[in-house]
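Remarks on the structure that follows.
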Amino acid sequence: MGSGERAEFKNPVVSWIDERLPVFSMMQQEYGVFPTPRNFNYFWNFGAIAMFMLVAMIATGIFLAMNYTPHVDMAFDSVERIDRDVNWGWMLRDIHMNGASFFFIAVYVHIFRGMYYGSYKKPRELLWILGVVIFLLMMATAFMGYVLPWGQMSYWGATVITNLFSAIPLVGDSIVTLLWGGFSIDNPTLNRFYALHYLMPFVIFAVVFLHVWALHICGSNNPTGIEPKGKQDTLPFHPYYTMKDTFGLLVFLVVFCVFVFYAPDYLGHPDNYKEANPLVTPPHIVPEWYFLPFYAILRAITFDVGIPGTEIVFISAKLGGVISMFGSIGLLLILPWLDTHPIRSARYRPKFRFFLIVFLVVFVMLGYIGSQPADATLFGAPLTLLGILSTTYYYGFFLVIIPWLNNTEKGKDLPKSIHDAVLEDAREAAKG
Amino acid sequence: MMFRLILFVAALTFLPLHMARASGGEAEPLVHQHWHFSGAFGTYDRAALQRGYKIYREVCASCHSMKQLSFRNLTDLGYNENQIKAIAGEYSVEDGPNEEGEMFERPARPSDSFPAPFANDKAAAYANGGALPPDLSLIIKARHHGSDYVYGLLTGYEEAPHDAHLLDGQYWNKYMPGHVIAMAPPLSDGQVAYEDGSPDTTQQYAADVVEFLTWAGDPHMETRKRTGLKAIMFLVVFAFVMYAVKRQIWSDVH
């Protein structure tokens with residue numbers, strides 16, 4: 001990067017800088033003339049939207065940090081002070097807390113887009129893995145951010161999640177002590193979470209940089225999943241996609257603003273407006289909505305794994321749940337090697353498409369299960385049963401269905417090129 | 001195809017959310033009241049806020065603190081500076097230490113926060129049979145459908161069913177999760193004298209104090225909604241412009 005050809009600039013200042021540090025050439029090459037497949041649909045907006053949300057989170061977060069006090073006796077009141085007395089503090093906080101949700105919405109759509117159109121396949125494996133790493137970092141950051149207001153759900157959510165690590169054999173308890181900075185969740189925990197919550201977004205930013213770099217090495221995938229074969233298949237990134245992304249982003253922001261200004265607490269939990277109290281456990285501890293599917297997988301494992309008929313337990317239910325939960329994201333990491341089918345896009349793989357849509361439905365179902373108390377029922381069926389069935393499908397999709405489809409699915413005929421596919425679509429549209 | 005898929009998934013996502021909110025313990029389902037502040041253009045009714053504050057001062061404040069609020073916040077209720085000084089002056093707060101190192105009492109100023117009825121949580125719980133009266137600053141935000149819930153709770157006291165066993169100092173309320181509540185029915189008809197001719201009924205008292213408590217938890221609601229309207233109008237117009245720009249730029253490609 002940067003060692004490539006330099007562009008010509010008329011402005012002498014720009015030219016002077018560019019000769020010494022070719023940032024303008026780089027921008028020109030990577031965002032100006034960068035050849036981009038011409039057939040993106042609106043699902044390709046969500047990368048830019050996620051990027052915007054990351055910047056918005058960092059920008060609002062810095063100002064919130066100026067007014068926040070990371071101390072168990074003052075954190076809750078300092079957040080209230082931001083809401084009440086800091087100029088426009090209520091808006092910063094509403095943007096920040098709903099921004100987390102909308103960042104996750106953008107990223108979930110972005111990930112599903114990648115799965116639907118096979119964007120993880122060769123040569124984009126590393127690009128995909130960096131994306132999963134960003135997702136993991138986001139989850140850690142969001143979790144620690146949710147602890148900071150020091151409300152009841154902050155405290156008890158932190159209790160549940162940090163206790164997960166105690167399931168790890170041998171070192172589990174030491175890890176938990178390290179996370180807590182002591183023997184219970186207290187001021188040291190809040191302080192380290194605050195420090196890390198401030199640090200992590202910059203780590204995310206760095207990995208996003210690598211993610212975009214990797215993207216610009218192999219270029220974007222597209223709805224057909226066929227590589228561009230020449231100039232007739234691509235458009236320069238600017239102005240075609242800068243303008244399209246801006247339009248998509250604005251539509252997204254309209255929905256975002258409806259939540260920020262008219263329902264700022266809809267996605268939160270009322271219990272977080274009660275100050276943390278270690279002596280009172282809320283009747284029903286739930287994480288933020290974006291963790292619910294994984295929370296359901298965690299709770300789905302309610303049985304020990306051992307030798308039947310004996311007392312010997314290899315994996316306790318708790319450890320089993322933790323393994324399943326982290327494993328469910330681990331599967332995403334190895335997805336490029338699980339799915340070796342030569343066709344990328346689900347458009348030309350009807351069977352894969354069917355099972356992927358079922359996967360999406362199951363994932364949403366897991367989210368619902370995660371939001372409910374453990375003893376709830378749905379249409380008379382116990383949710384624990386639905387939880388284990390959904391978890392089984394989640395794993396089965398990656399470990400059984402995808403490998404099976406590798407060998408059995410023939411797929412539809414691919415168009416000769418992106419250009420052909422676009423022309424074909426235009427003909428269809430003209431007819432219908 | 002993909003857009004139908006989004007709609008389907010969106011429906012699938014929001015349906016369970018609503019089902020999740022509808023179920024919630026054994027208490028009676030809340031009756032949705034019409035509030036002056038509901039809706040995208042809803043505002044606080046200043047007269048109701050002032051009546052609600054009167055209810056809080058004369059009834060609730062004997063047990064419940066509101067530590068997030070200061071007298072200066074009362075400008076939102078429509079009081080002017082002098083009125084607020086007068087209201088604050090009726091309370092006395094501890095200040096100090098003075099030059100001799102002594103703490104002293106002085107009349108409250110607008111910058112002081114609402115004085116709490118008890119010295120600390122332990123004292124508050126002890127004086128109330130072991131049940132701590134919660135701080136009311138955020139009571140509406142800290143409950144699902146807070147305004148309807150608090151209104152329901154204040155008007156939902158009933159004779160306990162025959163098979164229920166209530167201890168001394170416990171009461172039966174149809175909207176309380178679990179029905180048993182340690183707060184005696186706080187409001188009764190004619191208890192507080194209104195000066196503006198509003199009916200002296202429990203329902204009116206409850207509605208007014210809920211209006212006040214909703215404001216207390218969300219004092220910037222009116223600014224928030226007004227700002228939201230401007231932001232959304234700007235974004236919608238900008239989006240239309242960008243759509244036109246995008247179509248124009250792409251016209252040679254399609």
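In the text below, chain A, chain B and the rest are named by the order of the sequence lines, each starting its count at 1.
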Considering only heavy atoms, which portion of [X] lies under 4.5 Å from any heavy atom of chain A: side chain, backbone, both, or neither?
X	result
B:Ala244	neither
B:Leu229	both
B:Ala231	side chain
B:Val245	side chain

Does A:Lys274 pair with A:Asp271 as a salt bridge, N-O distance under 4.0 Å?
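The answer is yes: the pair qualifies as a salt bridge.
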Under-4.0 Å salt bridge between A:Asp85 and B:Arg72:
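Looking at A:Asp85 and B:Arg72, the cut-off is met.
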Working to the nearest 0.5 angstrom, can you tell me the gap between A:Tyr108 OH and A:Tyr290 OH?
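So the OH of A:Tyr108 and the OH of A:Tyr290 are separated by 9.5 Å.
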From OH (B:Tyr56) to CG (B:Leu49), nearest 0.5 Å:
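The distance works out to 15.0 Å.
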Is there a donor in the side chain of A:Tyr273 and an acceptor in the side chain of A:Asp265, or the other way round, less than 3.5 Å apart?
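Present: a donor and an acceptor within the cut-off.
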Side-chain donor-acceptor contact under 3.5 Å, A:Asp77 with B:Gln68:
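Yes, a side-chain donor-acceptor pair sits under 3.5 Å.
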Need one label for [X]: side chain, backbone, both or neither, based on atoms under 4.5 Å from any heavy atom in chain B.
X	result
A:Glu275	side chain
A:Phe252	neither
A:Asp83	both
A:Leu235	side chain
A:Val260	backbone
A:His284	neither

I need the residue from B:Arg143, B:Met242, B:Lys141 with the largest number of non-hydrogen atom pairs under 4.5 Å to chain A.
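Sorted descending by pairs with chain A, the first entry is B:Lys141.
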So which residue, A:Pro283, A:Pro373, A:Ala263, A:Pro264, ends up with the most heavy-atom pairs under 4.5 Å with chain B?
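So the answer, after comparing A:Pro283, A:Pro373, A:Ala263, A:Pro264, is A:Pro264.
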Please list all pairs passing the side chain to side chain donor-acceptor pair (under 3.5 Å) test where one or both residues lie in residues 122-140 of chain B, with sequence neighbours left out.
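Counting only pairs at least two positions apart or across chains, the side chain to side chain donor-acceptor pair (under 3.5 Å) contacts touching residues 122-140 of chain B are B:Ser65-B:Asp135, B:Asp135-B:Ser137.
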Result block: side-chain N/O donor-acceptor pairs under 3.5 angstrom for residues 241-249 of chain A, not counting sequence neighbours:
unit_1   : atom_1 : unit_2   : atom_2 : d
A:Tyr241 : OH     : A:Pro37  : O      : 2.7
A:Tyr241 : OH     : A:Arg38  : O      : 3.2
A:Tyr241 : OH     : A:Phe40  : N      : 3.4
A:Thr242 : OG1    : A:His238 : ND1    : 2.8
A:Thr242 : OG1    : A:Pro239 : O      : 3.1
A:Lys244 : NZ     : A:Phe40  : O      : 2.9
A:Thr246 : OG1    : A:Thr242 : O      : 2.5

